[in-house]
There are 2 protein chains.
Amino acid sequence: MNQEIVPHYQRVKRMIADRIAGGTWHPGDRISSEAELVKELGVSRMTINRALRELTIEGVLTRVQGVGTFVASVKPQAALFEVRNIAEEIAERGHQHRAAVISLKAVPAPDEIAETFGLKTGARVFHSILLHRENDLPVQIEDRYVDPRHAADYLEQDFTRQTPYVYLTAIAPISEAEHIIEAVLPSTTERKLLKIDAHEPCLQLTRRTWSSGKPVSHVRLIYPGSRYRLSGRIAPKG
Amino acid sequence: MNQEIVPHYQRVKRMIADRIAGGTWHPGDRISSEAELVKELGVSRMTINRALRELTIEGVLTRVQGVGTFVASVKPQAALFEVRNIAEEIAERGHQHRAAVISLKAVPAPDEIAETFGLKTGARVFHSILLHRENDLPVQIEDRYVDPRHAADYLEQDFTRQTPYVYLTAIAPISEAEHIIEAVLPSTTERKLLKIDAHEPCLQLTRRTWSSGKPVSHVRLIYPGSRYRLSGRIAPKG
DNA sequence: TCCCGGTGGCTGTCTATACAGGTATATATA
DNA sequence: TATATATACCTGTATAGACAGCCACCGGGA
């Protein structure tokens, strides 16, 4: 008998969750107060408090000081997608990753980029285009703008050895990121690089990153629709 | 002077985070033990413990019982996308939402659906196709399969009044969800419903949901690429 | 040299107690 | 009646003390 020992606060969390799932308490209802749960369950108030605090963080409960603890309303559908360093992801599949540098130079900033970086349109920014291959099959175009003030030696890097993502996170750890996912038709140039048919839809992920509150990079990742998809799974914990 | 009062555990968290950001402690380093922090900061061990525990949940630290507390390695890029009930989303923009029921009937389960629901191929399942419009402009096709065992009266619902999402979450709260995002070309039928040009790429979000561990619904949402995009933002908290 | 058990240091949990601060209700006052 | 005040109850935070469980390391014995 491998008796599982479970901490008290976990058992309290489970009990609360079960009562909600079982219909004893409905969304919006006030549940028993900490003091009542102490008497009912025979554990200290600190233990009850920890259980209720964690359930609140997990979105199961809502607490109002001076009033009580309530069952939270149905939470919105949230999907968690992990967008990872492509080199790592490919390596994990046991495949070979290679990156080709298509372009690497300083350019005048387009409007959108200038605005992101807080520069004037036409100011000098770094721009790189890379083609990532998995076992020699093109899987991603990386079209990146970088603020020169945060990565002065960007143009001197060998991105066939270390991806820009790895280089940038090393010199400016990401503190904030914004992602946009769209379905697009790639340009003719991009289509040729990816070696895909005309009219093949692609996933485009645009990511802007900040380090210590300052914008660092604006990257557009293009994936052939036939070779790539994003997936994620969520499951509330007990 | 509106002096902000900050709880001790918050100040401890901030201090730890600052030392990591400031380079005092690097990823992989062992940080001071709870006992050392008690002596250094003059607060109780429970307070230190709460701060470290929360930083661990947030992914900033890693703790190993019997060994110590370590600065976590660089966390993977994670993008949080909120995929919401489209009716709500449209209402929030102050626009008019209308749903048209294109199809609503029982059908033999295709292979993939049967497998998800744990049925034999060809078993009777419910199938609905809805077209969602925002100010009379088509914005989403909802192609949904539902396990009849969890929603016996699915076919009797009026989905122009209440979306299937709302109906299903009411009778079977979602406990788990899986999402897949792809770029696709819609079928001719779908293209006509959405009133888009040939070759216009679309975002396709496939979602499978479970309630109490049992599969409930398999839905394919198709968005015209020119009218829709998914966005999300993450920022580590202090 | 290799294996084994002891030991100190670390995190994980739990308790009893205390006080602060918020909210709603009842009570007293103008 | 309307307004201020007291109070009961609730959550939020903090503390000292205790014990359990885990792990790395060291020293002794085969």
Side-chain angles (χ1 to χ4, degrees), chain A residues 1-17 19-20 25 27-73 237-238, chain B residues 1-17 19-20 24-73 237-238:
Chain A
M1 303 275 241
N2 195 349
Q3 167 121 7
E4 191 78 35
I5 69 150
V6 177
H8 289 180
Y9 79 93
Q10 290 278 16
R11 308 197 329 132
V12 173
K13 286 177 70 174
R14 172 71 65 122
M15 187 230 86
I16 305 279
R19 282 200 195 170
I20 293 173
W25 291 321
D29 283 3
R30 217 196 96 183
I31 73 169
S32 309
S33 72
E34 295 190 353
E36 289 166 344
L37 290 170
V38 165
K39 269 191 280 186
E40 183 188 338
L41 305 177
V43 299
S44 80
R45 201 193 131 209
M46 282 302 290
T47 301
I48 298 287
N49 182 271
R50 175 169 177 184
L52 298 185
R53 180 155 34 86
E54 293 193 0
L55 284 172
T56 302
I57 292 171
E58 291 165 22
V60 176
L61 299 175
T62 304
R63 313 197 76 191
V64 181
Q65 191 174 11
V67 183
T69 303
F70 304 83
V71 178
S73 312
K237 293 182 293 186
Chain B
M1 302 281 236
N2 194 346
Q3 165 123 8
E4 190 76 37
I5 68 150
V6 177
H8 289 180
Y9 80 93
Q10 289 278 14
R11 308 194 333 129
V12 173
K13 285 176 70 175
R14 173 72 64 119
M15 188 229 86
I16 306 279
R19 283 200 192 168
I20 293 172
T24 305
W25 290 321
H26 297 95
D29 282 3
R30 213 196 98 182
I31 74 170
S32 309
S33 72
E34 294 190 355
E36 288 165 345
L37 289 169
V38 165
K39 270 191 278 185
E40 182 187 338
L41 304 177
V43 298
S44 79
R45 201 192 133 210
M46 279 302 288
T47 300
I48 298 288
N49 183 270
R50 176 168 175 184
L52 298 184
R53 181 155 34 87
E54 293 192 1
L55 285 172
T56 302
I57 291 171
E58 292 165 22
V60 176
L61 299 174
T62 304
R63 313 197 77 190
V64 181
Q65 190 174 16
V67 182
T69 303
F70 304 83
V71 179
S73 312
K237 293 182 292 185

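Per chain, numbering begins at 1; letters A, B, ... match sequence-line order.
- The pair A/E34-A/R63 counts as a salt bridge, with a side-chain nitrogen and a carboxylate oxygen less than 4.0 angstrom apart.
- Protein atom CZ of B/R50 is 15 Å distant from nucleotide atom P of C/dT13, rounded to whole Å.
- Rounded to a whole Å, the CG atom of A/N49 is 16 Å from the C1' atom of D/dC9.
- For A/Q10 and C/dG12, the CD to C1' distance is 11 Å, given to the nearest whole Å.
- In this structure, CG on B/N49 lies 9.0 Å from OG1 on B/T56, to the nearest 0.5 angstrom.
- D/dT15 atom P lies 13 Å from atom OH of B/Y9, rounded to whole Å.
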Between A/T47 and A/V38, is the side-chain contact (heavy atoms from CB on, under 4.5 Å) condition met? List the steps. CA-CA 9 Å; A/T47 301; A/V38 165; over 6 Å; no

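- DNA chain D lies under 4.0 Å from at least one heavy atom of each of the following residues of residues 28-37 of chain A: A/R30, A/S33, A/E34.
- Residue A/H8 contributes atom NE2, which lies 11 Å from atom C1' of C/dT15 at whole-angstrom precision.
- Remark: A/L55 CG to A/T62 OG1 distance equals 11.0 Å, nearest 0.5 Å.
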For B/V64 and B/F70, run side-chain contact (heavy atoms from CB on, under 4.5 Å): C-alpha distance rounded to whole Å, both residues' side-chain angles, the deciding distance at 0.1 Å, then the answer. CA-CA 8 Å; B/V64 181; B/F70 304 83; 4.3 Å; yes

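- Between the OH atom in B/Y9 and the CZ atom in B/R53 there is a gap of 11.0 Å [rounded to 0.5 Å].
- Between the CZ atom of A/R11 and the P atom of C/dT13 there is a distance of 14 Å, given to the nearest Å.
- In the region residues 64-72 of chain A, proximity to DNA chain C at under 4.0 angstrom, judged on heavy atoms, holds for A/Q65, A/G66, A/V67.
- Across residues 38-48 of chain B, B/R45, B/M46 each have a non-hydrogen atom less than 4.0 Å from an atom of DNA chain C (numbered order).
- Using a 4.0 Å cut-off between charged nitrogen and carboxylate oxygen, A/E54 and B/R50 do not count as a salt-bridge pair.
- For the atom pair CZ of B/R19 and CH2 of B/W25, the computed distance is 4.5 Å after rounding to the nearest 0.5 Å.
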Go through the steps for B/R45 and B/E36 under the test salt bridge (charged side-chain N to carboxylate O under 4.0 Å, His left out), then give the verdict. CA-CA 10 Å; B/R45 201 192 133 210; B/E36 288 165 345; over 6 Å; no

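- The interatomic distance linking B/I5 (CD1) with C/dG22 (C1') rounds to 12 Å, in whole Å.
- In this structure, the CZ atom of A/R53 is 12 Å from the C1' atom of D/dA14, given to the nearest Å.
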Quick one, A/L52 with A/I31, criterion side-chain contact (heavy atoms from CB on, under 4.5 Å). Give me CA distance, side-chain angles, the key distance, then yes/no. CA-CA 10 Å; A/L52 298 185; A/I31 73 169; 4.1 Å; yes

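- Just one of B/V12, B/I16, B/T69 meets the side-chain contact (heavy atoms from CB on, under 4.5 Å) condition when paired with B/I48; it is B/V12.
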